[in-house]
Amino acid sequence: MADLRSAFLNVYSQLKSELLQDPSFEFTDDSRQWVERMLDYNVPGGKLNRGLSVIDSYRLLKDGKELTQDEIFLTSALGWCIEWLQAYFLVLDDIMDSSHTRRGQPCWFRLPKVGMIAVNDGVILRNHITRILKNHFRGKPYYVDLLDLFNEVEFQTASGQMIDLITTLEGEKDLSKYSLQQHRRIVQYKTAYYSFYLPVACALVMCGENLDNHIDVKNILVDMGIYFQVQDDYLDCFGNPETIGKIGTDIEDFKCSWLVVKALEICNEEQKKVLYENYGKPDPANVAKVKALYNELNLKGVFEDYESKSYERLVTSIEAHPSKPVQAVLKSFLGKIYKRQK
């Protein structure tokens, strides 16, 4: 795995170098340095799970056979396209949420000379994806399928972000809008498609598969993505900030978090009043009251119960799939996220 990771990082260097020499734009030293610094700060800094899982999934779909150098390069390039997509979303997301830290360092737009230039940097990150696809996949029979896939998933993610933002509109803070169904809709579109479905879809497309024949795989991965986000919501409140690399602000930000939705579902009228009065307020005293209520409602236990039931349900769905290589891909994904701490 360490070898795979270092090979993957080498591909990042090659892709970056190509983008910094892109013949469609005349770079100056300043602009080249800006883009390089922006890429190094935002693209390779995460866990790289999405990107690495393209290579992993492709290898499992090929029955675990040794991949050729070309296959390793191409699956890595697609993996990096997903990491670029993630960077583009996060750079803009942090501005929208007025976040302070990301991956244990200040958000890009918080750096002294960056500010709102970060908006344009986000646009550049998005455009890099199509440059990478053109440079390395234009001659492939599945080139158009890849373009369609990235366009579709980007549209779904941006739409998920929209419903998240309009649900948490300033001045219209209304907890009665929040439900498990609304939470699921936001998560499905905002997170599950690009984080879970996209890496596997890239591997399937590279194997020459028609994605229309794999709707069941998409559904299982979307369910997995929802389970992943529920874990995220849980860790935002109960996780260790040093382990997860960020300080959770879902309560202050009036997020449609699984915890608040569950709390609303199981609390009595008195407790509901506490939530309505304190949720979405930036004052630490209000946040503390919400957290105390979560403890009173034993949301840790409710989450653990949800986690084990989700796991059992996902395993059952996976084992019902007719293809053993596809089962292996799905089990590999589930194994990486079950009971995670970060």
Side-chain angles (χ1 to χ4, degrees), residues 47 93-94 97-104 107 163-165 167-170 172-188 190-192 195 223-314 334 336-342:
K47 298 187 285 284
D93 199 35
D94 284 342
D97 289 346
S98 299
S99 297
H100 288 273
T101 56
R102 162 77 60 190
R103 296 169 174 168
C107 301
I163 54 176
D164 189 16
L165 291 166
T167 309
T168 55
L169 264 178
E170 267 311 314
E172 288 184 32
K173 291 183 170 171
D174 179 9
L175 276 179
S176 66
K177 285 184 187 171
Y178 288 175
S179 63
L180 270 179
Q181 189 192 0
Q182 178 70 347
H183 178 266
R184 187 188 167 91
R185 262 170 59 74
I186 292 170
V187 172
Q188 175 175 346
K190 185 182 166 178
T191 303
S195 298
D223 276 347
M224 228 181 271
I226 290 162
Y227 162 57
F228 176 86
Q229 185 59 46
V230 171
Q231 289 176 315
D232 232 39
D233 291 353
Y234 173 81
L235 292 169
D236 185 274
C237 179
F238 294 107
N240 177 352
E242 284 182 14
T243 312
I244 58 177
K246 61 183 178 186
I247 297 157
T249 58
D250 283 359
I251 296 171
E252 295 93 314
D253 296 341
F254 197 71
K255 284 286 176 199
C256 183
S257 157
W258 182 83
L259 293 172
V260 77
V261 168
K262 265 324 221 190
L264 286 164
E265 205 179 79
I266 61 181
C267 68
N268 61 33
E269 285 309 309
E270 191 80 6
Q271 292 166 323
K272 189 176 278 188
K273 199 163 166 265
V274 173
L275 270 182
Y276 271 79
E277 284 169 6
N278 295 284
Y279 199 73
K281 305 252 168 72
D283 189 322
N286 297 102
V287 175
K289 281 181 187 165
V290 175
K291 287 192 175 179
L293 178 61
Y294 285 175
N295 286 324
E296 203 180 303
L297 294 168
N298 185 27
L299 284 189
K300 271 189 177 175
V302 175
F303 168 75
E304 281 159 14
D305 183 51
Y306 165 86
E307 179 156 61
S308 63
K309 287 197 172 113
S310 296
Y311 181 76
E312 282 167 31
R313 197 182 66 247
L314 284 162
L334 187 55
K336 283 177 198 153
I337 62 168
Y338 183 53
K339 290 198 180 261
R340 71 192 177 94
Q341 296 302 309
K342 63 175 186 176

**Student:** To the nearest 0.5 Å, what is the distance between OG on Ser195 and NZ on Lys190?
**Tutor:** 10.5 Å
**Student:** Around atom NZ of Lys281, are there more than 12 heavy atoms of other residues, nucleotides or ligands at under 6.0 Å?
**Tutor:** yes
**Student:** Within the 4.5 Å heavy-atom criterion, are Lys273 and Asn268 side-chain neighbours or not?
**Tutor:** no
**Student:** Within the supplied structure, the quantity of interest is the number of heavy atoms (other residues, nucleotides, ligands) at a distance under 6.0 Å from Arg103 CZ; does it exceed 12?
**Tutor:** yes
**Student:** I'd like to check Tyr306 versus Tyr234 (side-chain heavy atoms, cut-off strictly below 4.5 Å). Are they in contact?
**Tutor:** no
**Student:** How far apart are the closest heavy atoms of Phe254 and Asp174, and which atoms are they?
**Tutor:** CZ-N, 3.4 Å
**Student:** Just checking Tyr294 against Phe303, ring centres under 6.0 Å apart?
**Tutor:** no
**Student:** Within the structure provided, determine whether Val187 and Trp258 are in side-chain contact (heavy-atom separation under 4.5 Å).
**Tutor:** no
**Student:** Testing Val260, Val230, Asp164 for side chain to side chain contact (heavy atoms under 4.5 Å, CB included) with His183, which one passes?
**Tutor:** Val230
**Student:** If you take all heavy atoms of Asp223 and Leu314, which pair is closest and at what distance?
**Tutor:** CB-CD2, 3.8 Å
**Student:** Regarding Glu307 and Tyr227, is there a side-chain donor-to-acceptor distance under 3.5 Å anywhere?
**Tutor:** yes
**Student:** Roughly how far, to the nearest 0.5 Å, is OH of Tyr311 from CE of Met224?
**Tutor:** 10.0 Å
**Student:** Could you measure the distance from the CG atom of Leu293 to the CG atom of Leu299? Nearest 0.5 Å is fine.
**Tutor:** 7.5 Å
**Student:** I'd like to know if Glu265 pairs up with Lys262 as an ion pair, taking the criterion as any Lys NZ or Arg NE/NH1/NH2 lying under 4.0 Å from an Asp or Glu carboxylate oxygen.
**Tutor:** yes
**Student:** Any salt bridge linking Lys173 with Asp253? Criterion: basic side-chain nitrogen under 4.0 Å from a carboxylate oxygen.
**Tutor:** no
**Student:** What residue among Asp250, Asp236, Asp97 forms salt bridge (Lys or Arg N to Asp or Glu O under 4.0 Å) with Lys255?
**Tutor:** Asp97
**Student:** May I ask you to test the Lys291-Phe238 pair for a side-chain heavy-atom distance under 4.5 Å?
**Tutor:** no
**Student:** State whether the side chain of Ser179 and the backbone N or O of Gln182 hold a donor-acceptor pair below 3.5 Å, judged by distance alone.
**Tutor:** yes
**Student:** I want to check something: taking the side chain as every heavy atom from C-beta on, are Ile186 and Tyr178 in contact at a cut-off of under 4.5 Å?
**Tutor:** no
**Student:** Looking only at non-hydrogen atoms, find the nearest pair between Gly225 and Ala192 and report the distance.
**Tutor:** CA-CB, 3.9 Å
**Student:** Where do Val274 and Lys289 come nearest, in terms of heavy atoms and distance?
**Tutor:** CG1-O, 4.4 Å
**Student:** Give the minimum heavy-atom separation between Leu275 and Ala263, together with the two atoms involved.
**Tutor:** CD1-CB, 3.8 Å
**Student:** Rounded to the nearest 0.5 Å, how far does CD1 of Ile226 lie from OG of Ser310?
**Tutor:** 9.5 Å
**Student:** How far apart are the closest heavy atoms of Tyr279 and Ser257, and which atoms are they?
**Tutor:** OH-CB, 3.9 Å
**Student:** Output yes when a side-chain donor or acceptor of Gln231 lies under 3.5 Å from a complementary backbone atom of Ile337, and no otherwise.
**Tutor:** yes
**Student:** Less than 4.5 Å apart, any side-chain heavy atom of His100 and any of Thr249?
**Tutor:** no
